[in-house]
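To start, the structure under review is shown below, and the notes come after it.
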Amino acid sequence: MDWTEVTRQTGREWERADGNAIVRARRTAGGDWAVTYERLTQAPEGSTYERTTAPTEDDALAVAAEFRD
């Protein structure tokens, strides 16, 4: 499924074409990067929520790409 990147002041965000899932990458207060994947109950696959941290923005973007796949 296709994803569209949305510009946010607090990081980066991608929304799935059907609007039922979002991936976010943002810098935490501690300096790490938090990456989250949230899929709504309405999604054909059902709901889910995953969160992980990464030490750098590049690592966070790699995790975000995996979540989108």
Side-chain angles (χ1 to χ4, degrees):
M1 187 151 313
D2 292 331
W3 293 81
T4 302
E5 186 169 0
V6 180
T7 303
R8 299 285 184 228
Q9 290 180 337
T10 58
R12 297 173 75 173
E13 182 175 298
W14 297 264
E15 183 175 324
R16 199 166 77 175
D18 64 2
N20 288 327
I22 295 174
V23 174
R24 290 183 182 95
R26 64 173 184 80
R27 190 170 199 130
T28 68
D32 288 336
W33 284 79
V35 184
T36 58
Y37 173 62
E38 183 175 4
R39 193 173 59 222
L40 302 176
T41 303
Q42 300 90 319
E45 314 93 317
S47 68
T48 193
Y49 180 84
E50 294 183 48
R51 181 184 186 279
T52 189
T53 57
T56 69
E57 182 178 14
D58 287 341
D59 292 335
L61 294 177
V63 172
E66 289 176 21
F67 281 163
R68 292 190 313 270
D69 287 339

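Just so you know, these numbers come straight off a predicted model, no measurement behind them. Positions are given from 1 along the sequence.
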Ignoring hydrogens, what is the shortest heavy-atom contact between [X] and [Y]? Give both atom names and the distance.
{"X": "Ala60", "Y": "Ala54", "result": "N-CB, 3.6 Å"}
{"X": "Asp32", "Y": "Pro55", "result": "OD1-CA, 4.0 Å"}
{"X": "Gly19", "Y": "Leu40", "result": "O-CD1, 3.8 Å"}

Item to check | Any pair counted as salt bridge (Lys or Arg N to Asp or Glu O under 4.0 Å), so long as it reaches residues 58-69, sequence neighbours left out | outcome: none
Item to check | CZ-CG distance between Arg39 and Asp18, expressed to the nearest 0.5 angstrom | outcome: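 Rounded to the nearest 0.5 Å, the CZ-CG separation comes out at 10.0 Å.
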Item to check | OG1-CD1 distance between Thr4 and Ile22, expressed to the nearest 0.5 angstrom | outcome: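 Reported value, rounded in 0.5 Å steps: 11.5 Å.
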Checklist entry - Is the closest basic N to carboxylate O distance between Glu38 and Arg24 below 4.0 Å? => result yes
Next on the checklist: Between Arg16 and Glu45, does any side-chain N to carboxylate O distance fall below 4.0 Å?
Outcome noted: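 Judged by the 4.0 Å cut-off on N to carboxylate O distance, Arg16 and Glu45 do form a salt bridge.
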Next on the checklist: Walk me through whether Thr36 and Tyr49 qualify under side chain to side chain contact (heavy atoms under 4.5 Å, CB included).
Outcome noted: CA-CA 7 Å; Thr36 58; Tyr49 180 84; 3.3 Å; yes
Checklist entry - Leu61: which other cluster members, linking ILVMFWY side chains closer than 4.5 Å, directly or transitively? => result Trp3, Trp14, Val23, Val35, Tyr37, Val63, Phe67
